[in-house]
Amino acid sequence: MQSKQSTAANTGVVNPARIRIIFICFAILVVAIFARLVWLTAIVGPENAQKSEATKTVDVEVQAKRGTIYDRDGNVLACNVEAKTIYCNPTEVKDAAGAAAQLAAVLDGERSDYMDALTAENTSFAYIYQKADVELAEKVKALNLDGIYFLDDTKRIYPNGSIGAQIIGVCDTDGNGLTGLELYYNDILTGTNGVLVQQRGANGQPIAGGLKEKTEPTDGQDIVISVDLEMQEYLENRLAQAVTDIQGDGGNAIIYDASNGEILAMSSNPLMDPNDRSTFDDNNMGLTSITTGFEPGSIFKTVTFTAAFEELDLDPDDDELFCPAQLPANEYYVSDSHARGDVVYSLRDVLAQSSNVGTSLLASQLGFEELYDKIVKYNLTDYTGVDYPGESPGYLSDQKDWTDIQAYNVSFGQGIMVTPLQLTRFYGALINDGVECTPHFLLAKPQTGEEPVYQTEKVIENTEAIAPVTSMLQSVVAYGTGTDAQIAEFEPAGKTGTAEIVGEDGLYLLETSNISFVGYLPESNSNLVCFVGVTNVPGDRLTTPAFADIMSFAINHYEISPE
């Protein structure tokens, strides 16, 4: 029996159970292979393809064209022009030292300035020179250097140099606004950058000059601003002359249209040239008329007089004040800038002769709490809302904390900080029926047709106070401290200011002062207000001649006539 069973087992008959096991194992193997194929092709395939593509390309950002800035008459103040960005593929550079020497000879600088780019590792793209003038790039192209390529680009230029430069501002090397309106309206002026993709060959080596555009850049919007280029140029030149003539450290000046808040011209001295970065420093990059508060001195007396004439029944000529040579206040004394004895002044003469004592007595009659409230009402302790970066709101301590001497000082412009623009706007209310307009530069966005609307506020409620205050300011020019501000055929109204300067020790300096004049042309068809100030002036000097010249230019330029 055993012999027959052994013979049967060796006849080649396959066991069904074994067949099933083999089939199952084969099926499992097929499924595993299929799953692996699905994984490689459908799941990780796209990712690997992307990684593979990424190893074959280099993304290069292409800057959008920045919007143009125009003055009110359509003159270009800032724009972009064609330029070239020079780059290299370091893997193709054969003689880095020699190429660096030739680049330095054309582009300036030292050989070492270009060696890092020319010898960069693990990259096929390195910047050599961004935003080069087209002519300069052509000189580099003529060198026929291995591995050097060029991209179309644009660069920011300022056709008028220093004229209006502090208003317009500048951009950084990446084309973003850094100061001035370039910074304030950066979101409007800046477009959306595009992208270029540099290709590599199948072997991973860069394709020489292989660039294809991936995303088109979207250009920024243009803006039109209120500045009048001719008025701006004259203002800058006359201010610079004033600073030199009276030996000041610097200065600032404004031409402001009180009827609508438009700033036609504004300048700070010293100037800078936005096309030449070597002229930049901390003292000339902004507009101090907006960004820097100062103790205004006697030009602030107009605020006190306006407040008093709003609240009290006063007459410029009939009401008089006994003004002693010195007015005691705590352990101090208030006196006028020029020595004198006791005198009786009419209110007109108090302002015309710029009497500190008389102004302090008038403020006392008004009440210092009421004076404080008026200063706040006139918006002299808050931002003007001007569209310019870095505005200062000035400073005034709470009236409850005032001592007698501080209260007197505030009445004639010491112990309070304001900006020239704040005071210019206030004087504008005197010629605009008590209404202050928000100072501004932006007039329109041409592409969208948008013309912004700015806020106005009536700050002098009792407008009957305006005529006598204006009349007294005309007396300042007619026979008072501001006679050099006289203009033929007109009767300017304005106020001189000589303000003490606080030294590093907290005490007022004895030898120097800040001087200023702010005024306008009543009884004319103009609502222009002009401020001229010069800082750190030695001795007794005036900015009234500069005011007269600037306003005379404006009279001719805008055909202003007496009424």
Side-chain angles (χ1 to χ4, degrees), residues 71-73 164 167 225-239 242 251-268 287 289-290 299 302 306 384 386 388 419-443 454 456 459-460 466-467 469-471 473-474 476-477 482 484-497 516-533 543-563:
D71 85 337
R72 65 188 304 113
D73 296 318
I167 297 172
I225 66 173
S226 58
V227 170
D228 180 328
L229 188 62
E230 291 184 47
M231 185 75 246
Q232 178 71 28
E233 182 176 14
Y234 186 85
L235 184 84
E236 289 182 5
N237 291 336
R238 188 60 184 87
L239 175 63
N252 57 93
I254 305 168
I255 287 286
Y256 166 79
D257 190 337
S259 66
N260 53 29
E262 294 175 7
I263 300 170
L264 302 180
M266 183 181 289
S267 177
S268 295
L287 291 167
S289 296
I290 295 173
I299 57 175
T302 305
T306 303
T384 67
V386 65
Y388 191 86
T419 65
L421 184 59
Q422 285 175 316
L423 265 182
T424 300
R425 179 181 61 166
F426 167 75
Y427 274 77
L430 292 171
I431 200 173
N432 195 40
D433 198 31
V435 176
E436 287 184 344
C437 298
T438 301
H440 60 272
F441 289 105
L442 182 64
L443 291 185
Y454 296 93
T456 63
V459 297
I460 303 175
I466 294 175
V469 170
T470 294
S471 174
L473 291 173
Q474 288 177 301
V476 171
V477 177
D484 287 337
Q486 294 175 8
I487 300 173
E489 299 182 15
F490 291 85
E491 296 182 34
K495 186 69 189 74
T496 54
S516 57
F517 185 88
V518 56
Y520 51 95
L521 300 174
E523 302 166 6
S524 77
N525 62 343
S526 169
N527 282 342
L528 297 184
V529 181
C530 178
F531 173 95
V532 185
T543 59
T544 43
F547 166 86
D549 289 344
I550 292 169
M551 286 302 277
S552 294
F553 180 89
I555 287 168
N556 293 326
H557 186 60
Y558 299 114
E559 299 181 353
I560 299 170
S561 60
E563 291 183 348

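Only this structure's heavy atoms are used, side chains among them; waters, hydrogens and symmetry mates stay out.
Between Ser552 and Ile487, the shortest heavy-atom distance links the atoms OG-CG2, 3.8 Å. Nearest heavy-atom pair, Ile290 versus Val386, reported as atom, atom and distance to 0.1 Å: CG2-CG1, 3.8 Å. Of all non-hydrogen atoms in Ser259 and Cys437, the two that sit nearest each other are O-SG, 3.7 Å. Counting all heavy atoms, side chain and backbone alike, Gln474 lies closest to Ala493 at CG-CB, 3.7 Å. Scanning both residues, Ser289 and Met266, for their nearest heavy atoms gives CB-SD, 3.9 Å.
In this view, Asp257 satisfies the salt bridge (charged side-chain N to carboxylate O under 4.0 Å, His left out) rule with no residue, not counting sequence neighbours. Among residues two or more places apart in sequence or in another chain, the salt bridge (charged side-chain N to carboxylate O under 4.0 Å, His left out) test is passed with Asp433 by Lys458. Residues passing the side chain to side chain contact (heavy atoms under 4.5 Å, CB included) test with Ser267 are Gln166, Gln232, Leu235, Glu236, Leu239, Leu271, sequence neighbours excluded. Considering only residues two or more places apart in sequence or on other chains, Glu491 meets the salt bridge (charged side-chain N to carboxylate O under 4.0 Å, His left out) condition with none of them. For Asp73, the side chain to side chain contact (heavy atoms under 4.5 Å, CB included) partners two or more places apart in sequence, or in a different chain, are Asp71, Asn75, Asp228.
Side-chain contact between Leu287 and Asn252 is absent, with no heavy atoms from C-beta onward closer than 4.5 Å. Put simply, the side chain of Pro492 does not reach to within 4.5 Å of the side chain of Met551, judged on heavy atoms. Within the 4.5 Å cutoff, no side-chain heavy atoms of Ile167 are placed close to those of Ile263. For the pair Leu442 and Tyr454, the minimum side-chain heavy-atom distance is below 4.5 Å. With a 4.5 Å cut-off on side-chain heavy atoms, Leu264 and Arg72 count as touching. Counting heavy atoms from C-beta outward, Tyr520 and Thr470 have side chains that approach closer than 4.5 Å. With a 4.5 Å cut-off on side-chain heavy atoms, Ile460 and Ile466 count as touching. By the 4.5 Å heavy-atom criterion applied to side chains, Pro439 and Tyr256 are counted as neighbours.
With hydrogens and angles ignored, the 3.5 Å screen pairs a side-chain donor or acceptor of Asn432 with a backbone N or O of Ala258. Panel note: side chain Thr419, backbone Gln422; a donor-acceptor pair is recorded below 3.5 Å. Looking at Tyr427, its side chain does come within 3.5 Å of a backbone N or O of Ile299 through a donor-acceptor pair. Here the side chain of Ser471 pairs no donor or acceptor atom with the backbone of Ala467 at under 3.5 angstrom. Although no hydrogens or angles enter the test, the distance criterion places a donor-acceptor pair under 3.5 Å between the side chain of Gln486 and the main chain of Val477.
Identified under the salt bridge (Lys or Arg N to Asp or Glu O under 4.0 Å) test for residues 550-563, with sequence neighbours left out: none.
With rounding to the nearest 0.5 angstrom, the SG atom of Cys530 is 10.0 Å from the CG atom of Asp549. For the atom pair Thr424 OG1 and Glu436 CD, the distance stands at 11.0 Å (nearest 0.5 Å). One distance of note links CD of Glu262 with OG1 of Thr438; it measures 12.5 Å at 0.5 Å rounding. Ile555 contributes atom CD1, which lies 7.5 Å from atom OG of Ser524 (distance to the nearest 0.5 angstrom). A distance of 10.0 Å separates NE2 in His557 from CG in Leu528, rounded to the nearest 0.5 Å.
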Item to complete: Give the C-alpha distance, both sets of side-chain angles, the deciding distance and a yes or no for side chain to side chain contact (heavy atoms under 4.5 Å, CB included) between His440 and Ile225.
Response: CA-CA 9 Å; His440 60 272; Ile225 66 173; over 6 Å; no
Item to complete: Report the C-alpha distance between Leu421 and Tyr388 in whole Å, list the side-chain angles of each, state the deciding distance to 0.1 Å, and finish with yes or no for side chain to side chain contact (heavy atoms under 4.5 Å, CB included).
Response: CA-CA 12 Å; Leu421 184 59; Tyr388 191 86; over 6 Å; no
Fill in: Steps toward side chain to side chain contact (heavy atoms under 4.5 Å, CB included) verdict (Val518, Leu423)
CA-CA 8 Å; Val518 56; Leu423 265 182; 5.7 Å; no
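When each of Phe517, Phe531, Phe490 is paired with Phe547, the ring pair (Phe, Tyr, Trp, His ring centres under 6.0 Å) condition holds for Phe517 and for no other.
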